Amino acid sequence: MMQDNILGTEKIGKLLFKFSVPTTMTLIVNSLYNIVDQVFVGRAVGIDGVAATNVSFPIFIMSAALALMIGDGCAANISLSLGRGDEEAGNRFFANGFLLLLLAGAVIFCGGMMFLRPMLLFFGASEAVMDISATYTSIILWGLPFSMCNMALTAIIRADGNPQYMMRTMMIGAAINLILDPILIFKFQMGVQGAALATIAGQVVAGCLALAYIPRMEHVQLGKGKLRLEWKFIRAICALGFPSFCMQAATAATQIVMNNLMRYYGGLSIYGSEITLSCYGIMTKLYQIAHAMFVGLASGTQPINGFNFGSRKYKRVRETYRIAVGVSLAISVIWFGIFRWGGAFIAEVFVKDEPLYLEFAQHCFRAYMLAFFLYGPPQVTASFFQAVGKPMKSLLVALSRQVIFLIPLSLLMSESYELNGALYAAPIADTLAFLLAMAMIYHEFQGWKKVGYLVEKEGSYKAAD
């Protein structure tokens, strides 16, 4: 299997395209669920509806965090196992990952239902939008376990060699959501309830299609005798998947902190809490599409890096990183332009004829995304360290932008500069995260040179933090 696997023989650029594009499309389509809801809700309910659906967004992110921890951790271990020629270990990692996924879906659903209103208050809901947000979120929770199946199995099926299948399932789910949204919201006058029902309908269909692929796996199998939780496999999955969890959890934490800052300081400004909450929420949804491209690119490198690192083909690992960083910089520059000059136009898609809303939306986009042209390389670097079995370094890079820099800076700067302080903390955090990632990868490759792996005849190399 080692000799036949295209991960060790195909051109890097072609492999990156094959594995990154379907994953990117899958993640973008997943992000579109909430965006489509907000567009229709904004047209039907107005600014309060947009703010209400924005408040519920952290629960989407937290469910994604658990799903990606399990999926990426399982996929990384499967790739490393297949690279070593250990098919049995790959099967056991798959079985343990599948059982963990079912458990995580149950925890998200039950916990969300039990603590719904306290959770939304913590997420930044104001009194004006609490009831709308609770109605929307209580329905959305029913579809989240299926959405988690999509996200986790995307990584695992990608490691098995068929990323295109998950792209198709997610597109089917999104199409269902897009068709049902205007019917339920406008024709049946169901408002946010209709938006939520349309979302879970798409998620359930896509989740069932993802589960239906499991018997068709080529390199790993889900045998009945292996369906039991084993601590050593759980620990390995969580170790390599923890950086993915932290990246998503950090996004949720940032969303919660910024929601509360927008609510508080927005209430002290001429804009008001609902406008600042809704504008920040719209920007965050567009940011999620951009972020999906980087996550898709970074995730696409994982099976390539994991297999080749396990096979001791270290030059292919370095070449994969070099190409991925170049692509990530190009994507970063394009999105910087979109955020810089397209904020007002994008905001008007959601809510029309609100001058204060459009004014703050344009300022919000420009300030928060001022250094977005540096955003991509840290994402690729974190994925690189994860794929080669260095979770602590991956974790440090993954947490740097959101937790280490952005949240503390936004809290400190908002005390002196209020809304502007919270917004301008983001470009400072982007710059610092980029510098940290570049310093760490330079040190890593210098270490590889010292042990003599970057020579014409590849030798052995033992990864060590």
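Computed from a predicted model, the values in this text were never measured in an experiment. Excluded from the calculations below are hydrogen atoms, water molecules and symmetry mates; all remaining heavy atoms, backbone and side chain alike, are included.
- Under the 3.5 Å distance criterion, the side-chain polar atoms of Ser414 are matched with a main-chain donor or acceptor of Leu411.
- Contact check for Leu419 versus Phe360: side-chain heavy atoms found under the 4.5 Å cut-off.
- Formation of a donor-acceptor pair under 3.5 Å by the Asp72 side chain with backbone atoms of Gly241 is not found in this model.
- Within the 3.5 Å criterion, the main-chain N or O of Ala298 finds a donor-acceptor partner in the side chain of Thr301.
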After noting the C-alpha distance and the side-chain angles of Phe384 and Lys393, does the key distance pass the side chain to side chain contact (heavy atoms under 4.5 Å, CB included) rule? CA-CA 10 Å; Phe384 166 84; Lys393 290 184 177 180; over 6 Å; no

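- Side-chain N or O atoms of Ser299 include none that pairs as donor or acceptor with a backbone N or O of Gly296 at under 3.5 Å.
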Listing, residues 106-121 side-chain donor-acceptor contacts under 3.5 Å, not counting sequence neighbours, or none:
from	atom 1	to	atom 2	distance (Å)
Arg117	NH1	Asp131	OD1	3.3
Arg117	NH2	Asp131	OD1	3.0

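- Heavy atoms only, all atoms of each residue included: Phe186 and Gln189 are closest at O-NE2, 2.5 Å.
- Formation of a donor-acceptor pair under 3.5 Å by the Thr431 side chain with backbone atoms of Pro427 is found in this model.
- One finds the CG atom of Leu101 at 5.5 Å from the CD1 atom of Ile70 (value rounded to the nearest 0.5 Å).
- Nearest heavy atoms, Leu297 versus Thr24: N-OG1, 3.8 Å.
- Looking at heavy atoms from C-beta onward, Phe98 lies in side-chain contact with Ile214 at the 4.5 angstrom threshold.
- Below 30°, between 30° and 60°, or above 60°: for Phe372 and Tyr287 the angle between ring planes is above 60°, a perpendicular geometry.
- Side-chain atoms of Ser394 never come within 3.5 Å of backbone atoms of Lys390 as a donor-acceptor pair (strictly under, hydrogens ignored).
- Ring-centre distance between Tyr417 and Tyr424: not below the 6.0 Å cut-off.
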Are Ile200 and Leu197 close enough, and set up right, to give a side chain to side chain contact (heavy atoms under 4.5 Å, CB included), and what steps lead you there? CA-CA 5 Å; Ile200 67 170; Leu197 288 171; 4.2 Å; yes

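- Not a single donor-acceptor pair under 3.5 Å links the side chain of Asn177 to the backbone N or O of Gly173.
- With values rounded to the nearest 0.5 angstrom, Leu261 atom CG is found 10.5 Å from Tyr264 atom OH.
- Heavy atoms of other residues, nucleotides or ligands lying less than 6.0 angstrom from CD of Glu88 number more than 12.
- Taking 4.5 Å as the limit, some side-chain heavy atom of Ile289 sits within range of a side-chain heavy atom of Trp335.
- Between Phe336 and Phe373, the ring planes lie perpendicular to each other; the angle is over 60°, past the 30° to 60° tilted range.
- Put simply, OH on Tyr357 and OG on Ser278 are 5.5 Å apart, with the number rounded to the nearest 0.5 Å.
- Residues Ala76 and Leu240 come closest through the heavy atom pair CB-CD1, 3.9 Å.
- For the atom pair OG1 of Thr276 and CD1 of Ile270, the computed distance is 11.5 Å after rounding to the nearest 0.5 Å.
- Scanning both residues, Glu230 and Arg92, for their nearest heavy atoms gives OE2-NH1, 3.0 Å.
- Not one N or O on the side chain of Asn96 forms a donor-acceptor pair closer than 3.5 Å with the backbone of Ile234.
- Checked by atom type and distance alone, the side chain of Asn259 pairs as donor or acceptor with a backbone atom of Phe123 at under 3.5 Å.
- Annotation: side chain of His363 is in contact with side chain of Asn420 (closest heavy-atom distance under 4.5 Å).
- In this pair, Phe339 and Phe365 present their aromatic rings tilted. The plane angle is within the 30 to 60° band.
- Inter-residue side-chain proximity for Asp430 and Phe405 is flagged as unmet; no heavy-atom pair is nearer than 4.5 Å.
- When atom types are taken as modelled, the side chain of Ser147 and the backbone of Leu144 share no donor-acceptor pair closer than 3.5 angstrom.
- For the atom pair SG of Cys74 and CZ of Phe233, the computed distance is 10.5 Å after rounding to the nearest 0.5 Å.
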In sequence, state the C-alpha distance, the side-chain angles, and the governing distance for Gln379 and His291, and then conclude on side chain to side chain contact (heavy atoms under 4.5 Å, CB included). CA-CA 9 Å; Gln379 314 300 315; His291 182 68; 3.6 Å; yes

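- Distance check, rounded to the nearest 0.5 Å: CE of Met217 to CD1 of Ile157 gives 4.5 Å.
- Of all heavy-atom pairs spanning Ser410 and Ile407, the tightest one is OG-O, 2.9 Å.
- Taking the side chain as every heavy atom from C-beta outward, Ile140 and Phe60 approach each other to under 4.5 Å.
- Two residues are said to be in side-chain contact when any heavy atoms from C-beta on lie closer than 4.5 Å; Arg401 and Tyr375 meet this criterion.
- Contact detail for Met258 and Ala422: the closest heavy-atom pair is CE-O, 3.7 Å.
- Side chains of Val380 and Phe294 form no contact here, defined as non-hydrogen atoms less than 4.5 Å apart.
- With hydrogens and angles left out, the side-chain atoms of Gln402 and Thr251 include a donor and acceptor closer than 3.5 Å.
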Going through the distances and angles, do Thr284 and Thr254 end up as a side chain to side chain contact (heavy atoms under 4.5 Å, CB included)? CA-CA 10 Å; Thr284 301; Thr254 303; over 6 Å; no

